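Worksheet for the structure shown next.
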There are 2 protein chains.
Amino acid sequence: MGKTATDDGRSRKVGVKDISREAGVSISTVSHVLNGTASISPAVRTRVLEAARRLGYLAHRQAKASITALDTILLAVPPDTLPQNNLNFVSWTVLSALGKESERRGIRLVPFPLEGLANSAKAIVEAARSEKAGGIILLNVDRRELVEGIAGAGVAAVLINGEDSSMQLDSVTPGNRFGARLATDWLIRQGHRKILHITWRGRATIRRRGDGFVDAFVDNGLPREDAQFLFAEGYEPHLGEKAIGEWLVANKGLGEITAIFCAADNLALGVMRGLQTAGYKIPSDISVMGFDGVAPGEFTTPSLTTVNVPLDQMGPAALHLIEQRVTSNRLDRASHRLELGCRLIVRASVAPGPAGTSPR
Amino acid sequence: MGKTATDDGRSRKVGVKDISREAGVSISTVSHVLNGTASISPAVRTRVLEAARRLGYLAHRQAKASITALDTILLAVPPDTLPQNNLNFVSWTVLSALGKESERRGIRLVPFPLEGLANSAKAIVEAARSEKAGGIILLNVDRRELVEGIAGAGVAAVLINGEDSSMQLDSVTPGNRFGARLATDWLIRQGHRKILHITWRGRATIRRRGDGFVDAFVDNGLPREDAQFLFAEGYEPHLGEKAIGEWLVANKGLGEITAIFCAADNLALGVMRGLQTAGYKIPSDISVMGFDGVAPGEFTTPSLTTVNVPLDQMGPAALHLIEQRVTSNRLDRASHRLELGCRLIVRASVAPGPAGTSPR
DNA sequence: CTGAAAGCGCTTACAG
DNA sequence: CTGAAAGCGCTTACAG
């Protein structure tokens, strides 16, 4: 973006000259269009803007304007989020996209591993100062003392995958509630009426998925009791496998349940294995829906129908929020809580349910 | 911002030259700091960035980078939102700040009044095209057909004060749920245990305030039944007055309620009048809390304790989202649902309740 | 790590 | 409404 690859593999900056060539007008016309300094015919205007966008000039200009003030960002991550823990595909995807974008923009990312509950806000703020970081990104943590401490220090900070109910810090999360509703709504439209939601006792961001699960039942006028919950001990695959295994025993089979909505793909991976081990066929005996849209779900048998979270956009969005805050000269800038939209990915693990038609 | 007032009242652009003077360094050093093209001593770096921010150079640069592509925006508003309807202080505040910011940036805002349910998405998109608008802002509307229709047309559009559960359009809302929780939590901390939430059957954004009201009870370990709801017929002051009047009659007085949390300041205005007409003293007999932080609440007797929504930042945030979308050359850019943080404004309408201490 | 000076890119009167 | 040309602001080798 903002650069154009040349034959020799190197890239050079895109400028008004390139746009003028591409759009077939003079460079002054390009400038006029970009700045609104003269009235330009709509046709020309459109052509110029199209060219500018296509060549990445607009995005480049935008990025360049913001990053000037930012050269280092402290990245606070809980220990179980680090890359060596290869079970956590979600964090891995988020981190790798964040790293790539930072590199592209020449921002130095300094990782700061959080060790359990020991690290105080003070330690994080201290680290940011000593690294001369202009901002802090916190991944997968939103403990209240931490958030309050950091907010009190007045550094620009953003939570990724966390929320600050005191509305002091900026945050980026998936659209958890709407996403879960989307998934559940789709199961309902496929004819499922009794659905089990397998989740775990995680942070508020995960509870939002449960809220959305219930929302879909309510919005479709279905009885709330048919939206059942099962809590696994965590989100790792083996815990999902364990949870469904125990549930099948306690319940003497699937009962009336015809679909399972897992609060994370990771969990779904284990749940599918558990179901298959117990002799159930997916999706003919039971449908399974995931949440996250992480790579492995594509390669299971059957492949996992899920809600895709734009994980690769979360880091860049967080960078943008920090930039905005650092650049702004408003002291009263309200905190920004950003939810990124999710999309349903229909693959093979969901089949039509017993109720043929949509209840709507 | 981005300009500096001179003695004769005019303003001129702020440039690196001004920053270099302000920071006491050469212009090339300023450039190096802004672009990270040389390693600069932390002291100098900080001084330069401080000066750049103070003079508004950073904000200016940022704004300038984005607006180039945008010269006209269509503003779709329901008829009851228009300025002549002076009861709707919230919309008035949002619109006036949006107008001011658009003017400052040289963006032409074309109002498009929605007439009841008659206007289709097609009509709006059509109007945007004929006005050559680069984006659409929809205020206080989020009907599904409208949202889907506009999303389908592929124009950049943002909802202000609305949500798109299908996660296709961008939106800006107050942090309704967290804000209501903040308000209720504060009432609880003041010693109130039985609280009445007066609201109306509005859109989802308003229901979120009810959610937050309940959240506060749950988080504080208080019985859910003590979080009572009363629905007025709308948000106008006289409907609040009517609702509380009827409730007092039906209930033969206040009963155990010691505080009332109104889902809007506008409603609170009428509720206060109703309570006072019925002979109750605020806050000694009953505490009243509002939501919105709109001007009139400051001038009531007693003045209204409320949750301040950054109404003046909603329009600018919406513009920013449109710019981002127009500028971006990603086709798969996820929808952005943005919630702006709110702050509690403690004034005179809330007194300590019967339970002295905080339950936590 | 900082600055004087050359140079490049974008903007801006101005002509048509 | 568009473009050729002058000019301004910012960047960038380079010296110390």
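Computed from a prediction, not measured in an experiment: that's the story for all the values here. Letters go in sequence order (proteins before strands), and every chain restarts at 1.
Remark: P of dT2(D) and CD1 of I19(A) are 16 Å apart, rounded to the nearest angstrom.
Look at S26(A) and you won't find any side-chain N or O under 4.0 angstrom from OP1 or OP2 of dA4(D).
Take R54(B) and apply the side chain to side chain donor-acceptor pair (under 3.5 Å) test, not counting sequence neighbours, and it matches E22(B).
Here dA13(C) sits opposite no nucleotide as a Watson-Crick or G-U wobble pair (both hydrogen-bonding atom distances under 3.5 Å). Under the Watson-Crick or G-U wobble criterion, with both distances below 3.5 Å, dA4(D) has no partner in any strand shown.
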Contact pattern, 5' to 3', of nucleotides 5-16 of chain D - B, S or - by protein heavy atom under 4.0 Å: ----SSBBB---

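Checking T72(B) against R108(B) by side-chain atom types alone, a donor-acceptor pair falls below 3.5 Å. Checking S26(A) against T29(A) by side-chain atom types alone, a donor-acceptor pair falls below 3.5 Å.
Under a 3.5 Å cut-off, the side chain of D170(A) and the backbone N or O of H336(A) do form a donor-acceptor pair.
Separation of the H320(B) and H320(A) ring centroids falls under the 6.0 Å cut-off.
Two residues are said to be in side-chain contact when any heavy atoms from C-beta on lie closer than 4.5 Å; L34(B) and L58(B) meet this criterion.
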